[in-house]
Amino acid sequence: MSGIIRRHPHYVLGAALLLATILVAALRSQGLGVTLGAEPTPVATEPSAFEWFDEGMTLWDGRCYGCHAELTYVPELYEAEGGREYLLDMMLVGVRGEVNVLGDTFDLRHRPYADTFDDEEMSALLNMMLVAWDNLEGFSAEPDFYTPDEVAAGRQREPDPAAVLEGRPNPWE
């Protein structure tokens with residue numbers, strides 16, 4: 001066995017990479033992971049000014065940060081016609097399909113979180129996304145922050161994921 005390892009070290013390296021990949025996939029499936037990128041912090045206002053910021057950041061770190069390092073395009077998407085509703089519906093029921101973001105085409109796969117977060121948690125998470133990464137400075141006026149009641153009303157609509165994707169605004173076209 002040791003002779004094979006000495007003659008073929010690339011097999012050992014390949015096996016180590018395969019095990020590392022499996023470990024990372026297992027961690028990400030549990031909502032854990034590390035993504036390189038800037039930590040989201042609001043600049044226009046101190047986080048303590050928003051009572052929901054810390055809760056939203058905790059949820060972000062636990063469920064979102066593994067896939068998203070930054071969402072600096074949120075103000076443009078939110079302010080586009082139907083953008084506010086789209087963001088809420090996307091978080092509730094998810095979307096899957098091809099989208100354009102800042103001129104690049106992506107296969108968007110966003111899972112639903114309606115069963116993961118309650119109304120307060122969902123509104124805190126959405127609001128945190130509005131103010132993090134200097135996003136608050138990107139709005140033409142201060143956004144109307146999401147409320148737990150608004151999230152509850154969004155759940156009652158029971159939007160269809162295909163309709164959510166079809167109604168996605170594209171302010172970059």
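As a basis for the values below, the full set of heavy atoms in this structure was taken, side chains included, without hydrogen atoms, waters or symmetry mates.
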Inter- and intrachain pairs under ring pair (Phe, Tyr, Trp, His ring centres under 6.0 Å), touching residues 75-108, at least two apart: Tyr78-Phe139
Heavy-atom side-chain proximity of Thr116 to Leu59 below 4.5 angstrom: no
For Arg157, all residues meeting salt bridge (charged side-chain N to carboxylate O under 4.0 Å, His left out), sequence neighbours excluded: Asp89
Close side-chain approach of Val99 and Leu165, heavy atoms under 4.5 Å: yes
Asp107 CG: over 12 foreign heavy atoms closer than 6.0 Å: yes
Side-chain heavy atoms of Leu77 within contact of Arg168, under 4.5 Å: yes
Residue list, salt bridge (charged side-chain N to carboxylate O under 4.0 Å, His left out) with Asp149, at least two apart or on another chain: none
pair Arg111-Arg96: side-chain heavy atoms closer than 4.5 Å: no
Distance, nearest 0.5 Å, that separates SG of Cys64 from CE of Met91: 5.0 Å
Non-hydrogen atoms of Val151 and Leu88 that approach each other most closely: CG2-CD1, 4.0 Å
Partner set under side-chain contact (heavy atoms from CB on, under 4.5 Å) for Ala80, not counting sequence neighbours: Pro169, Pro171
Salt bridge (charged side-chain N to carboxylate O under 4.0 Å, His left out) involving Arg84 - partner list, sequence neighbours excluded: Glu150
Exercise: identify the closest heavy-atom pair between Val95 and Pro161: CG1-O, 4.1 Å
Side-chain polar contacts of residues 119-132 - donor-acceptor pairs under 3.5 angstrom, sequence neighbours left out - could you list them?
unit_1: Asp119; atom_1: OD1; unit_2: Arg155; atom_2: NE; d: 2.5
unit_1: Asp119; atom_1: OD1; unit_2: Arg155; atom_2: NH2; d: 3.3
unit_1: Glu121; atom_1: OE1; unit_2: Asp118; atom_2: N; d: 2.9
unit_1: Ser123; atom_1: OG; unit_2: Asp119; atom_2: O; d: 3.2
unit_1: Ser123; atom_1: OG; unit_2: Glu120; atom_2: O; d: 3.0
unit_1: Asn127; atom_1: OD1; unit_2: Tyr146; atom_2: N; d: 2.7
unit_1: Asn127; atom_1: ND2; unit_2: Ser123; atom_2: O; d: 3.0
unit_1: Asn127; atom_1: ND2; unit_2: Tyr146; atom_2: O; d: 2.9

Distance-minimising heavy-atom pair for Pro159 and Val164: CB-CG2, 3.9 Å
